[in-house]
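Notes for the one structure printed next.
Just so it is clear, the model here is predicted, and its values are computed rather than measured. Within every chain, numbering begins at 1; the chains are lettered A, B, ... in the order of the sequence lines, protein sequences first and strands thereafter. Only heavy atoms go into these numbers, but all of them, side chains included; no hydrogens, no water, no symmetry mates.
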Amino acid sequence: MEKDFFDQVYQVVRLIPEGRVTSYGTIGKYLGAPRSARMVGWAMNGSHRQDPPVPAHRVVNSQGLLTGKIHFETPFAMQERLEAEGIEVKKDKVVNFRQLFWDPSIELSLD
DNA sequence: ACAATGACTGAAT
DNA sequence: AATTCAGCCATTG
């Protein structure tokens with residue numbers, strides 16, 4: 001079972017600063033799989049059992065919707081964690097998503 | 001091997 | 001801005 005791709009996804013997600021969010025497609029694109037956004041989400045399915053904690057709650061879809069909250073311990077745990085980091089969540093979607101958006105291909109390049 | 005599924009995305013309506 | 005449609009791709013039945 002190769003999980004190289006998974007590990008890369010987990011690492012990128014762990015690089016997301018608090019109070020910031022990113023999308024599955026962005027991560028996939030950063031890893032060279034811009035058309036495999038679904039695979040990224042599928043990879044996140046096993047993120048909860050990783051020894052190093054993976055802030056999956058900082059990963060949302062391109063619309064800023066908390067589509068993956070249902071896979072958390074509880075459907076509302078994701079929103080609570082985001083709010084705990086200062087991120088406003090309204091009706092399952094991140095407020096000011098565009099401002100809070102974190103793009104590794106940009107943020108990591110600026111040093 | 002075929003069909004269905006999904007933590008998605010972008011375009012069209 | 002919200003909803004729908006079609007495309008994508010690895011996993012699973």
Hey, quick one: are A:M78 and A:V59 part of the same hydrophobic cluster, counting side-chain heavy atoms closer than 4.5 Å, chains of contacts allowed?
-> no

Note: A:E85-A:R20 ion pair, threshold 4.0 Å (strictly below) = no

Smallest heavy-atom separation, A:V94 atom then A:L66 atom, equals CG2-CD1, 3.8 Å

Phosphate-side-chain proximity, A:S23 and B:dC8, N/O vs OP1/OP2 below 4.0 Å = no

In whole angstrom, give the distance that lies between atom CZ of A:F5 and atom P of C:dA10.
-> 9 Å

Rounded distance in Å - CG (A:L66) to P (B:dC8) | 11 Å

For residues A:Y24 and A:W42, establish whether the separation of their ring centroids is below 6.0 Å.
-> no

Dump every N/O contact between nucleotides 4-7 of chain B and the protein below 3.5 Å, one line per pair.
{"from": "B:dA7", "atom 1": "OP1", "to": "A:H71", "atom 2": "NE2", "distance (Å)": "2.7"}
{"from": "B:dA7", "atom 1": "OP2", "to": "A:H71", "atom 2": "NE2", "distance (Å)": "3.2"}
{"from": "B:dA7", "atom 1": "O5'", "to": "A:H71", "atom 2": "NE2", "distance (Å)": "2.9"}
{"from": "B:dA7", "atom 1": "N6", "to": "A:M44", "atom 2": "O", "distance (Å)": "3.0"}
{"from": "B:dA7", "atom 1": "N3", "to": "A:Y24", "atom 2": "OH", "distance (Å)": "2.9"}

Salt bridge present between A:R81 and A:E73 (N-O < 4.0 angstrom) = yes

Which residue pairs pass the ring pair (Phe, Tyr, Trp, His ring centres under 6.0 Å) test when at least one of the two sits in residues 48-106 of chain A, sequence neighbours left out?
-> A:F97-A:F101

NA contact type, A:K93, heavy-atom cut-off 4.0 Å: base, sugar-phosphate, or nothing?
-> sugar-phosphate

Quick one: A:Q63 CD to C:dA2 C1', roughly how many Å, whole number?
-> 9 Å

Distance in angstrom units between A:F97 CZ and C:dA1 P, rounded | 14 Å

